[in-house]
Protein chains: 2
Amino acid sequence: MSKKPDLPQPSATDPFADFLCFSVYSTGLAFNRLYKPLLDRYGLTYLQYLALIALALRGEQTVSELGESLFLESSTVTPLIKRLEAAGTVTRRRDTRDERVVRVSLTDRGKAILEEARCVPLEVMEATGTPPEQLQLLNEQLKALRAKLVTKSD
Amino acid sequence: MSKKPDLPQPSATDPFADFLCFSVYSTGLAFNRLYKPLLDRYGLTYLQYLALIALALRGEQTVSELGESLFLESSTVTPLIKRLEAAGTVTRRRDTRDERVVRVSLTDRGKAILEEARCVPLEVMEATGTPPEQLQLLNEQLKALRAKLVTKSD
DNA sequence: ATCATTTAAATCGCATACGAGTTAATCGTG
DNA sequence: CACGATTAACTCGTATGCGATTTAAATGAT
């Protein structure tokens, strides 16, 4: 009677694993844990590292723009960049045209640290033991999903 | 001359977007933001909600086991479950056999709240506007990636 | 020009997150 | 059974994260 065979039902024994939001969440934690000891050597946290990368690749940005780059609110970005400033890796300076905006840019020291840490993401990607094209595909899927989620939360 | 055409090179103009770890990170933030207002009605944070789900689907767990379920350290789980206990959604009780371990379980109130919030994940999944089978595929890829990352960070 | 509105950044309170270290209970080996 | 080693949970300090509010500056409508 065409009864359904036992297809490789991914997690029949553990329905908790089937929450996509949880997989995204916990994979993020796993990335964080893998990066942490590698970045410790440069005195950077995971988020601080991402912020420096964003500044390196996109250039000087206002606090708001950096928030958009990192998908963070200004209430998170402000203390973040203050710590980076204290560490001497970025500069904050008020726009003379519009005193409300603060422009953030990498210092030479920030650039130098990024240069030293150049190999870190490669190490992490190799640690995944997954072919690059597959990682790239996953990245594209996640970006598409993120785009949908962002529009739904305004 | 079979010159490569302009294939849809995903992010030729924005290399920052090509960090898989960042896509995972920011998609997690996007999920959190989408869930937050929906869970507010039940007095739950995103993590508290995930913890209740884990307890509902896997049953009573020790603090360590719940940490493994959620991929969290005990230093995160302990305050989390204390807040849930204060809210009356879980109980903490010392194992009589081994006074070191604390067993966590859902209260009736916790179960009732989960029941009320039953529709939330569906709402979120619908908000993605993505076919379920595609979400399922993405979930499997992420779980595989997470497994690799976890083994590398011990 | 004045004053309500808007806007950018910062501030505040709360809840994650983790590593390092602590405490208390159990285990293991003699 | 004694006692060092291990283990489970907890505590503490630091760094995210966000929503709500605040502050200060720029805008805009009359």
Side-chain angles (χ1 to χ4, degrees), chain A residues 22 25-40 43-51 61-68 70-87 89 92-104 150 153-154, chain B residues 22 25-41 43-52 61-68 70-87 89 92-104 150 153-154:
Chain A
F22 176 67
Y25 165 78
S26 52
T27 303
L29 293 181
F31 263 123
N32 199 325
R33 276 204 270 272
L34 195 52
Y35 267 104
K36 187 166 295 199
L38 301 176
L39 294 174
D40 258 354
L44 291 175
T45 66
Y46 184 51
L47 178 60
Q48 287 168 2
Y49 173 69
L50 290 174
Q61 292 166 75
T62 69
V63 170
S64 299
E65 288 166 350
L66 188 53
E68 286 164 21
L70 298 169
F71 292 86
L72 293 172
E73 303 297 320
S74 74
S75 53
T76 303
V77 174
T78 293
L80 167 66
I81 60 177
K82 283 188 174 178
R83 275 187 283 269
L84 287 173
E85 186 188 36
T89 50
R92 290 162 65 241
R93 74 172 205 288
R94 290 271 166 192
D95 188 311
T96 48
R97 304 272 198 163
D98 186 340
E99 292 278 341
R100 291 174 303 177
V101 325
V102 168
R103 302 198 172 275
V104 186
V150 166
S153 63
D154 295 350
Chain B
F22 175 67
Y25 166 77
S26 51
T27 303
L29 293 182
F31 263 123
N32 199 325
R33 276 203 270 271
L34 195 52
Y35 266 104
K36 186 166 297 200
L38 302 177
L39 293 174
D40 257 355
R41 291 176 278 179
L44 291 174
T45 66
Y46 184 50
L47 178 60
Q48 288 167 2
Y49 174 69
L50 290 175
L52 294 189
Q61 292 167 74
T62 68
V63 169
S64 299
E65 288 166 350
L66 189 54
E68 286 165 20
L70 298 169
F71 291 87
L72 293 172
E73 303 297 320
S74 72
S75 53
T76 302
V77 174
T78 292
L80 167 65
I81 59 176
K82 283 188 174 180
R83 275 187 282 270
L84 287 173
E85 186 189 35
T89 50
R92 290 162 65 243
R93 66 173 211 291
R94 290 272 165 192
D95 188 312
T96 48
R97 305 268 200 165
D98 186 341
E99 291 279 339
R100 291 174 303 179
V101 325
V102 168
R103 302 197 172 277
V104 186
V150 167
S153 64
D154 293 351

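Atom set for the values below is all heavy atoms of this structure, side chains included, hydrogens, waters and symmetry mates excluded. Lettering of chains follows the sequences in order, A, B, ..., and the numbering in each one begins at 1.
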Are there more than 12 heavy atoms of other residues, nucleotides or ligands under 6.0 Å from atom CZ of B:R97? no
Between A:L47 and A:L72, is there a side-chain heavy-atom distance shorter than 4.5 Å? yes
Residue whose closest nucleotide on DNA chain D lies nearer the 5' end, B:K36 versus A:R100: B:K36
Give the rounded distance in Å between these two atoms: CG of A:D98 and P of C:dA8. 8 Å
Taken to the nearest whole Å, CZ/B:F31 to P/C:dT16 is 19 Å
Residues at least two apart in sequence or cross-chain that pass salt bridge (charged side-chain N to carboxylate O under 4.0 Å, His left out) with B:R92, listed by chain then number, are B:E85
Would you kindly give the CG-to-P distance between A:N32 and C:dT16, to the nearest whole Å? 16 Å
Test side-chain contact (heavy atoms from CB on, under 4.5 Å) on A:T45 and A:Y35 and set out the steps. CA-CA 8 Å; A:T45 66; A:Y35 267 104; over 6 Å; no
What nucleic acid atoms does A:R97 come within less than 4.0 Å of, heavy atoms only: base, sugar-phosphate, or nothing? sugar-phosphate
Of A:D95 and B:V101, the one whose closest nucleotide on DNA chain D sits nearer the 5' end is B:V101
Nearest heavy-atom approach of B:S74 to B:P79 is O-CD, 4.4 Å
Expressed in angstrom and rounded to an integer, what is the separation of A:L34 atom CG from C:dA17 atom C1'? 16 Å
Whole-Å distance separating the CG atom of B:L52 from the C1' atom of C:dT16: 15 Å
For atom CG of A:L72 and atom P of D:dG17, their distance in whole Å: 6 Å
Closest non-hydrogen atom pair, B:G67 against B:V77: CA-CG2, 3.7 Å
To the nearest 0.5 angstrom, please state how far the CG atom of B:L39 sits from the OH atom of B:Y49. 6.5 Å
In whole angstrom, give the distance that lies between atom CD of A:Q61 and atom P of C:dA9. 11 Å
Starting at the 5' end of DNA chain C, which residue's closest nucleotide do you reach first, B:F71 or A:T62? A:T62
Sequence-aligned protein contact record of nucleotides 10-16 of chain D, with B where the base is within under 4.0 Å of a protein heavy atom and S where only the sugar-phosphate is: BBB--SB
B:E68 CD to D:dA9 C1': how many Å, rounded? 14 Å
